[in-house]
Enquirer: 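Before I ask anything, let me first share the structure, which is written out below as structure tokens.
Numbering of residues begins at 1 and proceeds along the displayed sequence. Order of listing sets the numbers, starting from 1, for every ligand and every atom in it. Predicted, not measured: the structure shown is a model, and the values here were computed from it.
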Amino acid sequence: MADSIAIEARGLDKWFGEGAARTQALKDVSMQARFGEMVLIVGPSGSGKTTLLSVISGILRPDGGTVSVDGVDLWAQPDDRLAEFRLNRIGFVFQDYHLFPRLTTAENVAVPLILKRRPWDDALAEAQRYLEVVGLGNRAALPPVKLSGGEQQRVAIARAIVSQPDILVLDEPTASLDGDTGRTIIEFVKHQVLNERRCIVIVTHDARIFEYADHILHMEDGKLKDIVAGGAQ
Ligand SMILES: Nc1ncnc2c1ncn2[C@@H]1O[C@H](COP(=O)(O)OP(=O)(O)OP(=O)(O)O)[C@@H](O)[C@H]1O
């Protein structure tokens with residue numbers, strides 16, 4: 001799988017709004033990301049980064065163009081297959097972690113497995129194993145509110161990888177963290193989460209993490225303006 005194409009987008013267009021408020025968030029965007037790579041999407045606010053991430057990860061349907069993930073034409077799938085694809089193949093991490101406050105840390109990590117109908121005890125045992133992977137094995141019984149921001153983001157990463165997705169997408173994962181914690185999180189993702197069978201795509205404003213990227217896609221006004229090699233190349 002390594003070196004093969006994980007995500008290939010061709011000619012993506014996306015519009016929002018109606019009438020005078022109608023704006024084109026993506027204008028004929030084409031990109032590629034390979035297994036084994038960490039790719040960053042950067043650019044000014046409103047340039048279309050989150051829209052692109054949402055379209056390539058099966059959350060937001062484009063108005064034009066195609067997305068192929070590991071050779072599967074994503075948006076040609078019926079809705080139930082698309083939902084299954086997202087659950088089985090894609091892990092999501094967001095800026096504000098999106099953890100469930102009433103669940104324990106371990107229960108939060110177990111949620112994707114429960115959705116896949118794994119028995120509760122089995123799912124919790126697997127969640128515990130992934131909490132250990134992210135260095136939080138001793139926090140399993142705590143609610144997320146008892147954890148620091150960096151720890152909560154590591155819980156969100158454990159939850160995103162517990163069902164072993166081959167595509168991991170992160171939207172501004174360091175934006176709520178101080179600089180050192182943000183770097184630590186991305187170093188962790190780069191060295192412990194990225195592997196030759198996985199592709200990681202990150203939307204970020206954080207220049208401190210550019211050095212970890214294989215490629216950096218620069219968005220401007222809905223267009224892909226430039227693709228440059230990141231510090232990892
Ligand atoms: N749900 C929506 N409804 C209407 N317009 C939207 C919607 N989502 C995005 N847009 C518009 O599409 C354009 C691109 O937005 P997008 O969120 O993709 O940019 P971004 O580069 O991720 O910005 P930021 O860095 O501020 O998060 C913007 O003009 C935005 O206002």
Enquirer: Looking at Lys190 and Glu187, is any side-chain nitrogen of the basic one under 4.0 Å from a carboxylate oxygen of the acidic one?
Expert: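 Looking at Glu187 and Lys190, the cut-off is not met.
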Enquirer: Are Asp73 and Arg10 ion-paired here, with the side-chain N under 4.0 Å from a carboxylate O?
Expert: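 Between Arg10 and Asp73 there is no salt bridge, as every charged N stays at least 4.0 Å from the carboxylate O atoms.
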Enquirer: Side-chain donor-acceptor pair under 3.5 Å between Asp13 and Gln24, yes or no?
Expert: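 Side-chain D/A pair, Asp13 to Gln24: present.
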Enquirer: Thinking salt bridges, do Asp70 and Arg89 make one under a 4.0 Å N-O criterion?
Expert: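 Between Arg89 and Asp70 there is a salt bridge, with a charged N closer than 4.0 Å to a carboxylate O.
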Enquirer: Let me know which protein residues bring a heavy atom to under 4.0 Å of ligand 1; chain then number is fine for ordering.
Expert: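 Heavy-atom contacts below 4.0 Å: Phe16, Ala25, Pro44, Ser45, Gly46, Ser47, Gly48, Lys49, Thr50, Thr51, His205.
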Enquirer: State, with a plain yes or no, whether a side-chain heavy atom of Ser30 is found less than 4.5 Å away from one of Leu224.
Expert: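 When only atoms from C-beta onward are counted, Leu224 and Ser30 do not touch, as no gap falls below 4.5 Å.
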Enquirer: With no hydrogens and no angle check, do the side chains of Tyr130 and Arg159 hold a donor and an acceptor under 3.5 Å apart?
Expert: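 Looking only at side-chain atoms, Arg159 and Tyr130 do not form any donor-acceptor pair under 3.5 Å.
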